[in-house]
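Here is the structure we will look at.
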Amino acid sequence: EKTISNLLHHNDYLNVFSSHSPNGISRLVQGQTIQKIWRRGKFIVFTLELGYLYFHLRMTGQLVISIKDQDYKYITAELVFSDKTSLYFKDYRKFGRIGYAQTLNFINQMVGVEPLGRRFTFPYLQKELKKRKRQIKPLLLDQSFICGLGNIYVDECLWLSCIHPQTLSNKLQIKNVPELYRSILTVLQEAIRLNGTTIINFKYGDNNRGNFKQFLNVYARAGLPCFRCSNKIEKVFIGQRGTYFCRVCQN
DNA sequence: AACGCGGCCTGGCTGC
DNA sequence: TGCAGCCAGGCCGCGT
């Protein structure tokens, strides 16, 4: 059980504080005891007695309980507890976000169905894909559609289910949809089992590297042979995101 | 509704 | 070897 005594900001990266000013958030959370820590989509949420303190790590954010001196410039916030311990928000790129909200409305608006939750069934996916007319890759990246998939995992899902990333969601072939559904579950479950994907500096826990990278089938394999058909994997930009795919078997 | 662009940051890699 | 330029796992606000 931890009671917050203060939220300090050590650098002047105000964009990191997305809902209020740093001092504003600090005032709102001071004296509150953390009831529960949980995840929704890519947000980590601390349920307080009154309201919610939330974090988004983006690519390089970390929540750590100890820091080294040389890390100090990357510490954008420090949550100080009444027992004199601290939780640090460390982030090389300062893309991560910290915010406070009175209710969960913000999160329910921004974050769609949990792909590993009960509501995400095959008929649900099929119906939702039909409703829209968007390129499948940007759609899968849209956190309000399905939460949790990022650029790497979307490319992997589309490769596994043999779908061209620019296929319109309502034009997917009948046989591709169950394959897509299955691939979303498989990719996420495997990635979680292997603690994620470290390309450059993603870390989990206390500085560990994720091991999913060695099982990537297309991501970052431009110019290399497709594991299914040996055609060269291509890299293109779709929705301004680097996208790897096989033109021959994903069509 | 859907899409494209620019911006936010820093570190690591690539190519000259 | 040194260094400029490019690129990155995410997301938002704006314009069309």
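Lettering follows sequence order; numbering is per chain, from 1.
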- For B:dC9, take OP1 and OP2 only and decide whether either is under 4.0 Å from a side-chain N or O of A:Tyr74. no
- Query: Among the nucleotides C:dG10, B:dT10, B:dC3, which one has an atom lying closest to any side-chain atom of A:Met59?
  - Reply: C:dG10
- Message: With no hydrogens and no angle check, just 3.5 Å: does a side-chain donor-acceptor pair link A:Ser5 and A:Ser82?
- Response: no
- Note on the structure: Taken in chain and number order and not counting sequence neighbours, the residues that satisfy salt bridge (charged side-chain N to carboxylate O under 4.0 Å, His left out) with A:Arg241 are none
- Message: What contact category does A:Arg132 fall into here, base, sugar-phosphate, or nothing, at under 4.0 angstrom with non-hydrogen atoms?
- Response: sugar-phosphate
- Query: Which sits closer to the 5' end of DNA chain C, A:Arg93 or A:Met110, going by the nucleotide each is nearest to?
  - Reply: A:Arg93
- Distance between the P atoms of B:dC9 and C:dA4, in whole angstroms? 22 Å
- Message: Regarding A:Lys73, tell me which of base, sugar-phosphate or nothing describes its non-hydrogen contacts under 4.0 Å with the strands shown.
- Response: sugar-phosphate
- A:Asp71 CG to B:dT10 P, in whole Å, measures 15 Å
- Message: Can you check the distance between B:dG7 and C:dC6, where both ends of the measurement are the P atom (answer in whole Å)?
- Response: 14 Å
- In whole Å, what separates the C1' atom of B:dG11 from that of C:dC12? 23 Å
- Query: Nearest-Å distance, CG (A:Leu168) to P (B:dA1)?
  - Reply: 16 Å
- Rounded distance (Å) that lies between atom P of B:dT10 and atom NZ of A:Lys90: 15 Å
- How many Å lie between CZ on A:Phe55 and C1' on C:dG10, as a whole number? 18 Å
- Task: Take A:Lys235 and A:Phe43, find for each the nucleotide of DNA chain C with the closest heavy atom, and name the residue whose nucleotide sits nearer the 5' end.
- Result: A:Lys235
- Contacts to DNA chain C from residues 237-245 of chain A, heavy-atom cutoff under 4.0 Å, which residues? A:Phe237, A:Arg241
- Item | A:His56 side-chain proximity, nearest of B:dG11, C:dG10, C:dC12 | C:dG10
- Message: Would you say A:Thr60 and A:Asp91 are linked by a side-chain donor-acceptor pair, where the criterion is simply a distance under 3.5 Å?
- Response: yes
- Using a 4.0 Å heavy-atom cut-off across all strands, classify A:Lys213 as base, sugar-phosphate, or nothing. nothing
- Message: For a quick check of understanding: with a heavy-atom distance under 4.0 Å over all strands, which category does A:Arg58 fall into, base, sugar-phosphate or nothing?
- Response: base
- Query: What are the residues of residues 139-152 of chain A, sorted by number, that bring a heavy atom to within less than 4.0 Å of DNA chain C?
  - Reply: A:Gln143, A:Gly150, A:Asn151, A:Ile152
- Query: Starting at the 5' end of DNA chain B, which residue's closest nucleotide do you reach first, A:Gln166 or A:Phe95?
  - Reply: A:Gln166
- Message: Test: salt bridge (Lys or Arg N to Asp or Glu O under 4.0 Å). Region: residues 176-199 of chain A. Which pairs qualify, not counting sequence neighbours?
- Response: A:Glu190-A:Arg193
- Query: Can you name the ring-ring contact (aromatic ring centres under 6.0 Å, His included) partners of A:Tyr72, sequence neighbours left out?
  - Reply: A:His10
- Message: Applying side chain to side chain contact (heavy atoms under 4.5 Å, CB included), can you list everything that pairs with A:Lys133, at least two apart in sequence or on another chain?
- Response: A:Leu168, A:Asn170
- Message: Can you measure A:Gln62 atom CD to B:dG11 atom P for me and round it to whole angstrom units?
- Response: 14 Å
- Query: Below 4.0 angstrom from OP1 or OP2 of C:dC11, is there any side-chain N or O of A:Arg97?
  - Reply: no
- Task: Starting from C1' on B:dC9, measure out to CG on A:Asn15 and report it in whole angstrom.
- Result: 10 Å
- All salt bridge (charged side-chain N to carboxylate O under 4.0 Å, His left out) counterparts of A:Arg40, not counting sequence neighbours: A:Glu114
- Taking the hydrophobic residues Ile, Leu, Val, Met, Phe, Trp and Tyr, and joining any pair whose side-chain heavy atoms are under 4.5 Å apart, which ones share a cluster with A:Tyr54? A:Trp38, A:Phe43, A:Val45, A:Tyr52, A:Leu104, A:Phe106, A:Ile107, A:Met110, A:Val111
- Which of B:dA2, C:dC12, B:dG11 is nearest the side chain of A:Arg134? It is B:dA2
- Query: With pairs taken as Watson-Crick or G-U wobble and both distances under 3.5 angstrom, which stems of at least three consecutive pairs involve DNA chain B?
  - Reply: B:2-8 with C:10-16, B:10-16 with C:2-8
- Item | Test item: A:Ser169 side-chain N/O and A:Arg132 main-chain N/O as donor-acceptor pair under 3.5 Å | yes
- Message: Whole angstroms only, please: what is the OH-P distance between A:Tyr219 and C:dA8?
- Response: 7 Å
- Item | Pairs satisfying ring-ring contact (aromatic ring centres under 6.0 Å, His included), at least one member in residues 218-238 of chain A, at least two apart | A:Tyr219-A:Tyr244
- All ring-ring contact (aromatic ring centres under 6.0 Å, His included) counterparts of A:Phe120, not counting sequence neighbours: A:Tyr181
- Item | Side-chain N or O of A:Lys94 closer than 4.0 Å to phosphate OP1/OP2 of C:dC11 | no
- Exam field: side chain A:Gln32 to backbone A:Glu49, donor-acceptor pair closer than 3.5 Å: yes
- Message: Considering every strand and a 4.0 Å limit on heavy-atom distances, what is the contact class for A:Tyr153: base, sugar-phosphate, or nothing?
- Response: nothing
- Query: Is any side-chain N or O of A:Lys42 closer than 4.0 Å to OP1 or OP2 of C:dG10?
  - Reply: yes
- Item | A:Ile136 CD1 to B:dC3 P, straight-line distance once rounded to whole Å | 11 Å
- Do side-chain atoms of A:Asp83 reach the backbone of A:Thr85 as a donor and acceptor pair under 3.5 angstrom? yes
Give every donor-acceptor pair under 3.5 Å between a side-chain atom in residues 136-149 of chain A and any protein atom, sequence neighbours left out.
from: A:Lys137; atom 1: NZ; to: A:Asn151; atom 2: OD1; distance (Å): 2.6
from: A:Lys137; atom 1: NZ; to: A:Asp155; atom 2: OD1; distance (Å): 2.7
from: A:Lys137; atom 1: NZ; to: A:Gly242; atom 2: O; distance (Å): 3.3
from: A:Lys137; atom 1: NZ; to: A:Thr243; atom 2: OG1; distance (Å): 3.0
from: A:Asp142; atom 1: OD1; to: A:Ser144; atom 2: N; distance (Å): 2.9
from: A:Asp142; atom 1: OD1; to: A:Ser144; atom 2: OG; distance (Å): 2.7
from: A:Asp142; atom 1: OD2; to: A:Arg134; atom 2: NH1; distance (Å): 2.9
from: A:Gln143; atom 1: OE1; to: A:Gly148; atom 2: N; distance (Å): 2.7
from: A:Gln143; atom 1: NE2; to: A:Leu141; atom 2: O; distance (Å): 3.1
from: A:Gln143; atom 1: NE2; to: A:Leu149; atom 2: O; distance (Å): 2.9

